[in-house]
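One structure is given below, encoded as structure tokens.
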Amino acid sequence: VISTILYTGPMYYAYNNELRKIVEIKYPTTIFVIASAVTKLTRIQQISHGTRLYRGFGGAVKFPDSFYQPDNRGCKGITDFGFLSTTSDKKIAVQYSGAGKDKPFP
């Protein structure tokens, strides 16, 4: 429980920065525990079929064409090596992206 609480605070940046390095990482046990907690939470919190999830990317992000093409399961999107936060509310994703401040709207 403590590791998931730390993840929701300032350690979020430390953990995700380590995961995105793709080399030997710090905090391996803590990250394993967080991943285990997320897996367990997904078993009890189901996303309804057809629900769109949004991610607030900052700046002018250019995705490859494959991003928009459905895979063999009909899914579109990306994979990230870190933990990835999403929302079903597009307004929240736009707010987190910083669009409109000094960044273009995607």
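Throughout, residue positions are numbered sequentially from 1 according to the sequence presented. All of these numbers come straight from a predicted model, not from anything done at the bench. Atoms considered below: every heavy atom in the structure, side chains included; atoms not considered: hydrogens, waters and symmetry mates.
Counting only residues at least two apart or in different chains, salt bridge (Lys or Arg N to Asp or Glu O under 4.0 Å) contacts with residues 28-39 are absent.
For Asp71, the side chain to side chain contact (heavy atoms under 4.5 Å, CB included) test picks out Arg73, Cys75, with sequence neighbours left out. Scanning for side chain to side chain contact (heavy atoms under 4.5 Å, CB included) contacts around Ser36 gives Lys40, with sequence neighbours left out. Taking the side chain to side chain contact (heavy atoms under 4.5 Å, CB included) definition, one finds that Thr30 meets it with Ser3, Tyr15, Tyr27, Ile34, sequence neighbours left out. Contacts of Ile92 classified as side chain to side chain contact (heavy atoms under 4.5 Å, CB included), with partners at least two apart in sequence or in another chain: Thr87, Asp89, Tyr96.
In terms of modelled atom types and a separation under 3.5 Å, the side chain of Arg55 and the main chain of Ala93 share no donor-acceptor contact.
Annotation: side chain of Ile31 is not in contact with side chain of Pro28 (no heavy-atom distance under 4.5 Å).
More than 12 heavy atoms of other shown residues, nucleotides or ligands fall within 6.0 angstrom of atom CD in Gln46. In Phe67, the CZ atom is crowded: over 12 heavy atoms of neighbouring residues, nucleotides or ligands sit closer than 6.0 Å. Leu41 CG: more than 12 foreign heavy atoms inside a 6.0 Å radius.
Residues Ile5 and Val33 fall into different hydrophobic clusters, defined by Ile, Leu, Val, Met, Phe, Trp and Tyr side chains chained together at heavy-atom separations under 4.5 Å.
Nearest approach of Leu6 to Met11, heavy atoms of both residues: O-CB, 3.3 Å.
Grouping Ile, Leu, Val, Met, Phe, Trp and Tyr residues whose side-chain heavy atoms lie under 4.5 Å apart, directly or via other members, places Leu53 in a hydrophobic cluster with Ile47.
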